[in-house]
Amino acid sequence: MTLFAATTALLFAAAGAHLPTRSLRGLSGDVLLPMVGIGTWQYNSTVAEAAVSTAFGLGYRHADTAVVYKNHLGVGAALRKSGLSRDQYFVTSKVPGGLNASATRAALDQALVDLGLDHVDLMLVHWPAPDGKAAVQEQWLALERWAKLGKARAVGVSHHCKTQLDWVLEVATVPVALNQNQYHIGMALDMQPRLHDKAYCESKGVVYMSYSSLCGPCPAPDNMELVTGNLVTSIGKKYNKTGAQVSLRWLVQQGIPVIPKTGNPTHLQENFDLFDFELSGKDMKALSRAVTPAGTPQNPDDAQDCAFEQPGLHFVHV
Ligand SMILES: *[C@@H]1O[C@H](CO)[C@@H](O)[C@H](O)[C@H]1NC(C)=O
Ligand SMILES: *[C@@H]1O[C@H](CO)[C@@H](O)[C@H](O)[C@H]1NC(C)=O
Ligand SMILES: *[C@@H]1O[C@H](CO)[C@@H](O)[C@H](O)[C@H]1NC(C)=O
């Protein structure tokens, strides 16, 4: 397994922001993914445009979106307004799972039109096609063909459990760069049952990435535990950091890229300010041993993303 320390690099120093990155295996060589980006799930175009603009003003250089978020127009507008050149920022999007090859191709082309870009840096299959192996493989190969036209520098998946990742790896002719999943403090001991665990992904060269890093979409009070809860705030006091910073640092210190979502400039700044301290081994262990908050129990399919792998299981979390 590659050590995080060995794969970090400083990008965009000219922007004044030191952005650690993680190296992904792209279609033609390595691609540097900023360790912290701005997520846009549940944001409409107006809100996404404002949040991405504020974030980029603070030095963020990675925006994460998806076709089903329906905010590509706003994200694209913010990217153009940033005044940055295309090679100075990183864009991730996701194509809905379960589309056949021609529908996948059409959705991918439309994504670029809406973003106003000629390529994305990373395109993911958002969730595994519910129809099983043949459908998962057909869609992956459609994504590959599209990426090979120069439309994506790297391709990967989201919500893919071990079995589904194996289906993709069986046919992939380009690297599967990354698997994006719900992951935060409270879930470390629950990794194995979920089957899309970090160790398995990394054994295959697939970078494991976290969404809902602060359990934001979790039902109250879980949605605040990683921000104002006792464990993270008491550890944070030792480092003069907030609970949210401890929660995010726990992830990035393990080499797990994050995309916390907020439009609040203070929180955006905090979420970005994770690289001038290091959690001790003892604190990392204490955080890893936490069993709350658990994975989102909002809907059973999502909570159990990978606890059971039945053909036809419908992945509704977007
Ligand atoms: C976008 O979302 C915001 C916040 O929820 C809301 O106030 C606004 O009306 C929405 N805009 C559109 C065009 O739906
Ligand atoms: C692919 O899916 C689209 C949209 O559902 C459908 O219209 C089309 O007939 C499908 N193509 C094939 C070859 O099944
Ligand atoms: C603690 O962090 C705050 C916010 O970043 C900063 O303003 C303050 O100077 C820090 N205090 C110490 C003692 O480093």
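Counting starts at 1 for both ligands and their atoms, in listed order. Sequence positions, counted from 1, serve as the residue numbers for this chain.
- At the shortest separation from atom 4 (C) of ligand 2 among protein heavy atoms lies A103 CB, 4.3 Å.
- Between S210 and Y183, the shortest heavy-atom contact is OG-O, 2.7 Å.
- If you check which protein heavy atom lies closest to atom 13 (C) of ligand 1, you get T46 OG1, 4.1 Å.
- Counting only heavy atoms, the protein gets under 4.0 Å from atom 2 (O) of ligand 3.
- Less than 4.0 angstrom separates some heavy atom of N44 from each of these atoms of ligand 1: 1 (C), 2 (O), 3 (C), 8 (C), 10 (C), 11 (N), 12 (C), 14 (O).
- No side-chain N or O of Q245 forms a donor-acceptor pair with one of R249 less than 3.5 Å apart.
- The atoms of ligand 1 that sit less than 4.0 Å from any heavy atom of V47 are 1 (C), 2 (O), 3 (C), 4 (C).
- Using a 4.0 Å threshold on non-hydrogen atoms, atom 8 (C) of ligand 3 counts as touching the protein.
- V113 and V95 fall into different hydrophobic clusters, where Ile, Leu, Val, Met, Phe, Trp and Tyr residues are linked whenever their side-chain heavy atoms come under 4.5 Å apart, directly or through other members.
- Closest of all the heavy-atom pairs between L248 and S213 is CD2-CB, 3.6 Å.
- The N/O atoms of N240, backbone and side chain alike, include one that comes under 3.5 Å of an N/O atom in ligand 3.
- Between the side chains of W146 and D109, at least one donor-acceptor pair of N or O atoms lies under 3.5 Å.
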Item checked: ring-ring contact (aromatic ring centres under 6.0 Å, His included) assessment of H159 paired with Y211 -> CA-CA 10 Å; H159 295 275; Y211 72 79; 5.4 Å; yes
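- Annotation: atom 12 (C) of ligand 2 to nearest protein heavy atom, N100 ND2, 3.3 Å.
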